[in-house]
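Residue numbers start at 1 and run along the sequence shown.
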Amino acid sequence: MQKILLATHGHLASGLLSTLKIVAGDVSRVQAIDGYTEAEDITSAIENTLDSLRDSDQLIVFTDLFGGSVNQLVTKLVMEKNIPAIIVSGFNVALVLAVLLANKPINKQQMQLYIDEARKGMTIVEFKSTQSNDSENDFLG
């Protein structure tokens with residue numbers, strides 16, 4: 001089974017989990033770890049998650065900053081425990097949602113395709129002047 005771990009600084013992980021619940025519904029395969037908050041010891045939380053995996057599970061980890069302390073900690077613990085995982089840093093909602101909805105094992109090449117597609121959603125929203133006589137539905141360019 002595919003398991004998804006969201007591990008971030010602050011409450012970004014739990015916030016993303018909340019968003020995923022609204023958009024996707026079933027998030028039973030997703031765990032959020034909010035790093036460096038008063039609520040949770042991040043090292044213990046990550047270790048507990050890794051220790052709960054079965055041999056048949058595929059782990060995909062999303063961290064907020066490449067080279068940041070959370071990313072380094074996850075990478076270190078995954079390597080120490082010799083867990084085959086795909087670790088992605090610098091995610092967006094579209095990427096995590098695509099992986100969650102895929103609901104199938106994903107290899108590194110497929111993940112790169114998901115990343116490339118998710119990047120397309122990061123764009124400047126252009127709009128037309130609202131002073132024209134255009135209808136309300138025409139304000140996006």
Side-chain angles (χ1 to χ4, degrees), residues 1-132 134-141:
M1 173 180 266
Q2 181 194 75
K3 303 282 186 162
I4 297 172
L5 173 60
L6 310 172
T8 67
H9 296 85
H11 297 284
L12 179 60
S14 59
L16 177 57
L17 183 59
S18 174
T19 299
L20 294 173
K21 283 180 189 176
I22 292 168
V23 177
D26 180 17
V27 292
S28 59
R29 298 179 294 114
V30 183
Q31 181 174 353
I33 297 175
D34 293 329
Y36 309 109
T37 64
E38 294 176 17
E40 196 164 22
D41 171 35
I42 187 169
T43 302
S44 296
I46 294 169
E47 286 177 335
N48 291 339
T49 298
L50 298 180
D51 291 342
S52 72
L53 296 171
R54 290 177 266 156
D55 290 340
S56 60
D57 290 338
Q58 178 192 30
L59 178 64
I60 299 177
V61 182
F62 293 97
T63 66
D64 51 356
L65 296 169
F66 177 68
S69 56
V70 175
N71 180 257
Q72 288 182 42
L73 180 59
V74 167
T75 302
K76 175 183 173 260
L77 293 173
V78 163
M79 288 174 53
E80 285 176 358
K81 293 179 180 288
N82 198 28
I83 295 173
I86 297 175
I87 302 172
V88 178
S89 66
F91 62 86
N92 65 17
V93 175
L95 174 60
V96 179
L97 188 59
V99 171
L100 177 62
L101 295 177
N103 200 15
K104 63 180 181 181
I106 296 172
N107 62 32
K108 288 181 183 178
Q109 292 77 23
Q110 291 165 317
M111 182 60 77
Q112 188 60 57
L113 292 174
Y114 283 125
I115 290 170
D116 293 343
E117 192 62 30
R119 283 183 179 145
K120 292 178 186 177
M122 291 187 288
T123 186
I124 296 172
V125 177
E126 299 287 343
F127 53 93
K128 296 178 184 177
S129 171
T130 58
Q131 295 177 350
S132 71
D134 294 341
S135 73
E136 285 184 21
N137 296 332
D138 280 347
F139 75 92
L140 292 177

*asked:* Asn92 vs Arg119, test: side chain to side chain contact (heavy atoms under 4.5 Å, CB included). Steps then yes/no.
replied: CA-CA 8 Å; Asn92 65 17; Arg119 283 183 179 145; over 6 Å; no
Closest contact, heavy atoms only, [X] versus [Y]:
{"X": "Ala85", "Y": "Val78", "value": "CB-CG1, 4.0 Å"}
{"X": "Ile86", "Y": "Lys108", "value": "CD1-N, 4.0 Å"}
{"X": "Ala13", "Y": "Leu6", "value": "CB-O, 3.5 Å"}
{"X": "Phe62", "Y": "Val99", "value": "CZ-CG2, 3.9 Å"}
{"X": "Asp34", "Y": "Ser14", "value": "OD2-OG, 2.7 Å"}

Rounded to the nearest 0.5 Å, how far does [atom2] of [Y] lie from [atom1] of [X]?
{"X": "Thr8", "Y": "Leu16", "atom1": "OG1", "atom2": "CG", "value": "8.5 Å"}
{"X": "Asp26", "Y": "Leu100", "atom1": "CG", "atom2": "CG", "value": "7.5 Å"}
{"X": "Gln112", "Y": "Asp116", "atom1": "CD", "atom2": "CG", "value": "4.5 Å"}
{"X": "Ser28", "Y": "Met1", "atom1": "OG", "atom2": "CE", "value": "6.0 Å"}
{"X": "Leu50", "Y": "Asp57", "atom1": "CG", "atom2": "CG", "value": "11.5 Å"}
{"X": "Leu5", "Y": "Ile33", "atom1": "CG", "atom2": "CD1", "value": "4.5 Å"}

*Not counting sequence neighbours, which residues clear side chain to side chain contact (heavy atoms under 4.5 Å, CB included) with Lys104? List them please.*
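Counting only residues at least two positions away or on another chain, Lys104 forms a side chain to side chain contact (heavy atoms under 4.5 Å, CB included) with Ala102, Tyr114.
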_Please evaluate residues Ile115 and Met111 with respect to the criterion side chain to side chain contact (heavy atoms under 4.5 Å, CB included), reporting the C-alpha separation (whole Å), side-chain torsions for both, the decisive distance (0.1 Å), and the verdict._
CA-CA 6 Å; Ile115 290 170; Met111 182 60 77; 4.0 Å; yes
*Return the set of residues passing salt bridge (charged side-chain N to carboxylate O under 4.0 Å, His left out) with Asp51 (not counting sequence neighbours), or none when no residue passes.*
Lys81
*Give a yes or no answer on whether the side chain of Gln58 reaches the backbone of Ile106 with a donor-acceptor pair at less than 3.5 Å.*
yes
*Check the pair Lys3, Gln31 against side chain to side chain contact (heavy atoms under 4.5 Å, CB included), reporting the backbone distance first and the verdict last.*
CA-CA 8 Å; Lys3 303 282 186 162; Gln31 181 174 353; over 6 Å; no
*asked:* Going by side-chain hydrogen bond (donor to acceptor under 3.5 Å, both in side chains), name the pairs with one or both residues in residues 68-78, residues two or more places apart or in two chains.
replied: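 Applying side-chain hydrogen bond (donor to acceptor under 3.5 Å, both in side chains) to every pair that reaches into residues 68-78, excluding sequence neighbours, yields His9-Ser69, Tyr36-Ser69, Thr63-Asn71, Lys76-Glu80.
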